[in-house]
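Below is one structure, written out as structure tokens, with a few remarks after it.
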Amino acid sequence: MLTIHAAPLVLPVGAAAVVNGAVAVDGERIAALGPYEEVVAAHPAARVRRWPGLLTPGLRQDRARELLTRCYHPDPREADELGELPLSGEEYERLAATMDTARRAGSVRRGLQRMLRHGTTHLAGSPDAEEPALRTAVARSGLVRVPPKPPQAGPPDLDPFATGGDLARTAGAPLTVGGRADLAVFDVPDEAALRADGARACVATVLGGRLVHRAR
């Protein structure tokens with residue numbers, strides 16, 4: 001069924017912003033992009049999802065390998081002991097010394113889920129090259145693989161904007177008619193607010209046309 005995702009502002013990247021814009025999705029592809037009234041008129045039978053704020057391309061996570069293989073993503077049941085944020089460095093090494101395969105796999109699954117909650121649809125590099133379980137989890141997630149970026153200093157962050165890049169440098173791929181429907185929606189008014197607040201403002205992520213994250 002064709003679905004229209006509408007928002008007060010659509011930023012396709014590589015094309016002009018669309019105020020009161022919409023993206024029509026048919027399967028895993030974008031069928032139309034433009035002003036809401038025009039998209040709805042062209043597809044009157046489509047289901048409409050209205051979102052607050054800003055609709056953009058899905059984001060690219062440049063430090064996926066570190067986040068999945070050198071960080072531990074606590075289970076919610078461990079929050080009192082370990083908190084909710086990824087553990088890296090010495091904290092990760094301490095846990096890794098006694099971590100079994102099942103616990104490591106659980107961390108990877110939660111890491112992928114948390115990337116989706118930050119609007120991520122693309123992973124840079126090959127985070128699964130060495131571990132079959134990791135390879136399976138990444139494949140099942142549906143996240144798009146893109147070439148690696150140069151190594152970065154400092155601890156990795158689930159927020160792709162943490163490195164200071166703008167939307168054009170952080171987007172996985174521009175939104176174009178006929179292209180993959182990898183979208184993210186953020187409850188902020190414009191790109192400046194998005195960069196200031198970061199990807200934690202994400203309220204929805206669409207991966208290959210599928211709604212894979214929706215904030216409660």
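These numbers come from a predicted model, not from an experiment. Position 1 is the first residue of the sequence; numbering continues from there. Side chains are part of it too, since the values below use all heavy atoms of this structure and drop only hydrogens, waters and symmetry mates.
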Nearest 0.5 angstrom please: [X] [atom1] to [Y] [atom2], how far?
| X | Y | atom1 | atom2 | answer |
| --- | --- | --- | --- | --- |
| S141 | M115 | OG | CE | 9.0 Å |
| L112 | S107 | CG | OG | 9.5 Å |
| R180 | I30 | CZ | CD1 | 10.0 Å |
| R169 | L59 | CZ | CG | 13.5 Å |

Test item: [X] and [Y] side chains (from C-beta on) under 4.5 Å apart, heavy atoms:
| X | Y | value |
| --- | --- | --- |
| V25 | V23 | yes |
| L183 | L175 | yes |
| L167 | L11 | yes |
| E90 | R94 | no |
| V146 | L123 | no |
| T121 | T205 | yes |
| R47 | I4 | no |
| L207 | L116 | yes |

Under the 3.5 angstrom rule, does the side chain of [X] hit a backbone N or O of [Y] as a donor-acceptor pair?
| X | Y | result |
| --- | --- | --- |
| T120 | H122 | no |
| Q61 | D157 | yes |
| H118 | Q113 | no |
| R50 | A6 | no |

Kindly give the heavy-atom pair with the smallest separation between [X] and [Y], and that separation in Å.
| X | Y | result |
| --- | --- | --- |
| A7 | G53 | CB-O, 3.9 Å |
| A32 | V39 | CB-CG1, 4.4 Å |
| L9 | P189 | CD2-O, 3.7 Å |

| field | Residues D159, R200: salt bridge by 4.0 Å N-O rule | value |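 A salt bridge links D159 with R200.
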
| query | Is any side-chain N of the basic residue among D26 and R29 closer than 4.0 Å to the acidic one's carboxylate O? | reply | no

Honestly curious: do [X] and [Y] fall in one hydrophobic cluster under the side-chain, below-4.5 Å linking rule?
| X | Y | answer |
| --- | --- | --- |
| V206 | V144 | no |
| V13 | F161 | yes |
| Y36 | L2 | yes |

| message | Does E84, at its CD atom, have more than 12 non-hydrogen atoms belonging to other residues, nucleotides or ligands within less than 6.0 Å? | response |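 No.
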
| field | Qualifying salt bridge (charged side-chain N to carboxylate O under 4.0 Å, His left out) pairs with a residue from residues 51-64, counting only residues at least two apart or across chains | value | R60-D62, R63-E66

| query | Does a donor on one side chain and an acceptor on the other come within less than 3.5 Å for Y72 and R103? | reply |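 The criterion, which ignores hydrogens and geometry beyond distance, is satisfied for R103 and Y72.
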
| request: May I have the step-by-step check of side chain to side chain contact (heavy atoms under 4.5 Å, CB included) for D182 and E28, ending in yes or no? | output: CA-CA 8 Å; D182 296 321; E28 67 172 16; over 6 Å; no

| said: Please verify the inter-ring angle class for W51 with H5; under 30° counts as parallel, over 60° as perpendicular, anything in between as tilted. | reply: parallel

| message | For a side chain to side chain contact (heavy atoms under 4.5 Å, CB included) check, start with the C-alpha distance between T56 and F186, then their side-chain angles and the critical distance, and finish with the verdict. | response | CA-CA 8 Å; T56 76; F186 303 92; 3.4 Å; yes

